[in-house]
Protein chains: 2
Amino acid sequence: MTTEHELEESPKRRERRDARANRQHILAVAKRLFADQGAEATSMYEVAQAAKVGQGTLYRHFADKSELCHALIKEDIQAFQARVDDFINDRERYPSALQRLELFISEKVLLTDSHLSLLVAGGGPQHKRFRGPFNQWMYDRLILLLEEAMEAGELAPLDVNFTADAILAAIMPHLHYYQRHELGYSCERIIAGMRHIFIEGLRAK
Amino acid sequence: MTTEHELEESPKRRERRDARANRQHILAVAKRLFADQGAEATSMYEVAQAAKVGQGTLYRHFADKSELCHALIKEDIQAFQARVDDFINDRERYPSALQRLELFISEKVLLTDSHLSLLVAGGGPQHKRFRGPFNQWMYDRLILLLEEAMEAGELAPLDVNFTADAILAAIMPHLHYYQRHELGYSCERIIAGMRHIFIEGLRAK
DNA sequence: TAATGAAGTGGACAATTGTCCGCTAATGGG
DNA sequence: CCCATTAGCGGACAATTGTCCACTTCATTA
């Protein structure tokens with residue numbers, strides 16, 4: 001098990017200065033294009049053209065559109081993760097694991113909502129959809145919360161793994177988009193629905 | 001509201017005999033190709049080549065890969081629908097709407113499992129993913145069951161629309177595939193997980 | 001500073017999906 | 001039976017994603 005994830009935080013060996021600049025440049029251009037015409041309506045080819053780099057260069061920096069989109073909201077995602085890490089083990093403020101689970105879901109729904117266009121466009125090649133790095137991170141947290149709630153007796157014994165995926169499926173960006181834009185649901189409605197099913201519903205009787 | 005759905009059952013005006021034959025021929029060829037190399041690994045172009053028809057012809061018969069895949073399992077889908085219609089309002093054999101909901105989910109999981117490859121390959125252009133004809137059909141049935149259960153007091157008051165989508169999301173083909181093939185879950189495990197969340201969980205206390 | 005080799009770059013190419021449109025031929029009315 | 005209408009056909013084309021690889025440039029080191 002090597003830690004070979006390409007976290008740009010830990011420059012395994014090195015990254016050329018010009019490459020870093022180029023990467024930032026691409027991000028800036030993509031951000032503008034996505035804002036102007038929408039992320040869905042913008043092709044990778046277009047981004048490369050606008051940034052005046054070859055396709056190869058673009059794809060060297062971002063393996064696919066989902067990575068590009070992800071990179072554009074990296075800060076908000078990290079902020080979300082920081083917020084979650086902040087309360088996820090804070091049993092003083094939130095004695096109930098279920099309460100923390102509810103908070104988690106709530107935060108996730110709001111995060112999704114605030115970057116819907118990018119998250120839908122960057123749906124990713126379905127094989128990364130269930131266990132891309134970010135989804136894996138969320139999955140892991142859900143498992144921890146569910147197990148804690150179960151051990152505390154707040155939750156009747158259940159299949160934590162299956163349940164975690166069910167939770168993530170119910171709030172995945174594509175469905176969220178459909179509910180918000182086609183069906184006109186509000187975030188509150190989504191959160192309330194989630195709470196009813198996965199918090200109240202699963203609570204031990 | 002015109003009834004303009006292209007149900008090949010009701011030949012609105014006419015369909016040329018040779019076209020019908022051609023369609024059947026394409027289906028036969030696609031069936032073999034899909035069986036041989038897998039539906040995912042077979043492109044529409046390849047199907048057209050193998051069937052010795054132009055791309056235009058192929059797309060005239062099947063607007064996209066999802067329609068082609070769907071057509072290949074039409075019979076099983078219709079059998080599923082018939083089975084469901086058979087018990088969905090049968091309050092004699094199944095007095096409890098929740099029991100019928102459980103049956104519905106069970107049947108759906110097994111149907112999905114028996115045509116996983118085709119259903120995953122024919123994922124369809126995500127805009128049809130939540131309300132393609134078949135999904136709409138399932139959605140409608142779920143709404144009916146949930147409302148009946150609610151009115152009967154089996155279910156605490158809840159957001160039936162949101163819940164129906166959550167149920168469908170939790171058993172969508174892509175996730176099912178991932179759970180079965182990457183995670184090694186059995187159908188029984190999936191069904192049990194669903195029952196715990198959406199039957200036992202939502203049952204009125 | 002010059003050489004070296006790895007990181008980075010560009011754009012041609014391949015693969016795929018889906019559309020367009022001029023041509024062909026089945027069908028049905030006269 | 002013949003012709004006009006129009007469904008149906010074929011395949012070129014456009015759009016997009018992603019890969020490949022020969023070439024370039026930076027950065028280290030001797």
Side-chain angles (χ1 to χ4, degrees), chain A residues 4 6 8 10-27 29-30 33-34 37-71 120-129, chain B residues 4 6 8 10-27 29-30 33-34 37-71 120-129:
Chain A
E4 291 228 330
E6 72 298 25
E8 54 264 281
S10 64
K12 273 284 166 286
R13 276 296 158 266
R14 70 192 140 178
E15 181 192 34
R16 268 205 235 161
R17 233 188 325 283
D18 61 331
R20 186 141 204 71
N22 219 346
R23 180 192 171 86
Q24 292 311 120
H25 173 61
I26 291 173
L27 279 174
V29 169
L33 278 182
F34 286 178
Q37 11 173 312
E40 281 276 29
T42 308
S43 70
M44 290 295 269
Y45 180 80
E46 215 174 336
V47 172
Q49 292 286 310
K52 295 200 196 2
V53 300
Q55 306 256 78
T57 305
L58 176 55
Y59 278 100
R60 159 168 279 271
H61 287 292
F62 309 99
D64 56 32
K65 205 172 178 179
S66 80
E67 276 192 22
L68 177 55
C69 290
H70 196 92
V120 168
Q126 88 172 80
H127 60 274
K128 335 177 37 178
R129 206 134 54 198
Chain B
E4 291 229 329
E6 72 297 24
E8 56 262 280
S10 63
K12 272 287 168 282
R13 276 295 158 266
R14 68 193 144 180
E15 180 191 34
R16 269 206 234 161
R17 233 187 324 284
D18 61 331
R20 187 139 202 73
N22 220 343
R23 181 195 172 86
Q24 291 311 119
H25 173 61
I26 292 173
L27 279 174
V29 169
L33 279 181
F34 286 178
Q37 12 173 316
E40 280 276 30
T42 308
S43 68
M44 290 294 271
Y45 179 81
E46 216 173 335
V47 172
Q49 292 286 310
K52 293 200 194 7
V53 299
Q55 307 255 75
T57 305
L58 176 55
Y59 278 100
R60 159 168 276 272
H61 287 291
F62 309 99
D64 56 33
K65 205 173 178 178
S66 79
E67 277 192 21
L68 177 55
C69 291
H70 197 91
V120 168
Q126 74 164 94
H127 61 275
K128 334 178 34 177
R129 207 135 52 199

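What you see below is based on every heavy atom in this structure, not just the backbone, and it leaves out hydrogens, waters and symmetry mates. Convention: sequence-line order gives letters A, B, ...; per-chain numbering from 1.
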Of the options [options], whose atoms approach the side-chain atoms of [X] most closely?
X: R17(B); options: dT9(C), dT27(C), dC9(D); value: dT27(C)
X: K65(A); options: dT17(C), dT17(D), dG10(D); value: dT17(D)
X: R60(A); options: dC9(D), dG8(C), dG18(C); value: dG8(C)
X: Y59(A); options: dT27(C), dT17(D), dT16(C); value: dT17(D)

Quickly work out the [X] [atom1] to [N] [atom2] distance and round it to whole Å.
X: L58(B); N: dT19(C); atom1: CG; atom2: C1'; answer: 13 Å
X: Q24(B); N: dG8(D); atom1: CD; atom2: P; answer: 14 Å
X: Q49(B); N: dT16(C); atom1: CD; atom2: P; answer: 12 Å
X: M44(A); N: dG11(C); atom1: CE; atom2: P; answer: 17 Å
X: E40(B); N: dA15(C); atom1: CD; atom2: P; answer: 18 Å
X: L68(A); N: dG18(D); atom1: CG; atom2: P; answer: 11 Å
X: F62(B); N: dG8(D); atom1: CZ; atom2: P; answer: 13 Å

Query raised in the report: Which comes earlier along DNA chain C counting from the 5' end, the contact point of Y45(B) or that of N22(A), where each point is its nearest nucleotide?
Result: N22(A)

Query raised in the report: Which pairs pass side chain to side chain donor-acceptor pair (under 3.5 Å) with one or both residues in residues 41-54 of chain B, sequence neighbours excluded?
Result: Q37(B)-T42(B), Q37(B)-E46(B), Y45(B)-Q49(B)

Query raised in the report: Does H61(B) make a side-chain N or O approach to OP1 or OP2 of dG8(D) shorter than 4.0 Å?
Result: no

Query raised in the report: Could you give the distance from CZ (R17(B)) to CG (N22(B)), rounded to the nearest 0.5 Å?
Result: 14.0 Å

Query raised in the report: How many angstroms lie between CE in M44(A) and CG in L68(A), if you round to the nearest 0.5 Å?
Result: 5.5 Å

Report summary line: Minimal heavy-atom distance between A121(A) and K65(A), with the atoms involved, is O-CD, 4.3 Å

Requested in this report: Please report the closest heavy-atom contact between Y59(B) and D64(B), naming both atoms and the distance.
Outcome: CE2-CA, 4.3 Å

Query raised in the report: How would nucleotides 20-25 of chain C be written as a contact map, 5' to 3', with B for base contact, S for sugar-phosphate-only contact and - for no contact, using protein heavy atoms under 4.0 Å?
Result: B----B

Report task. Decide yes or no for V47(B) and V53(B): does some side-chain heavy atom of the first lie under 4.5 Å from some side-chain heavy atom of the second? Result -> no

Report task. Evaluate the side-chain proximity of K128(B) to E67(B): yes if any heavy-atom separation is below 4.5 Å, no if none is. Result -> yes

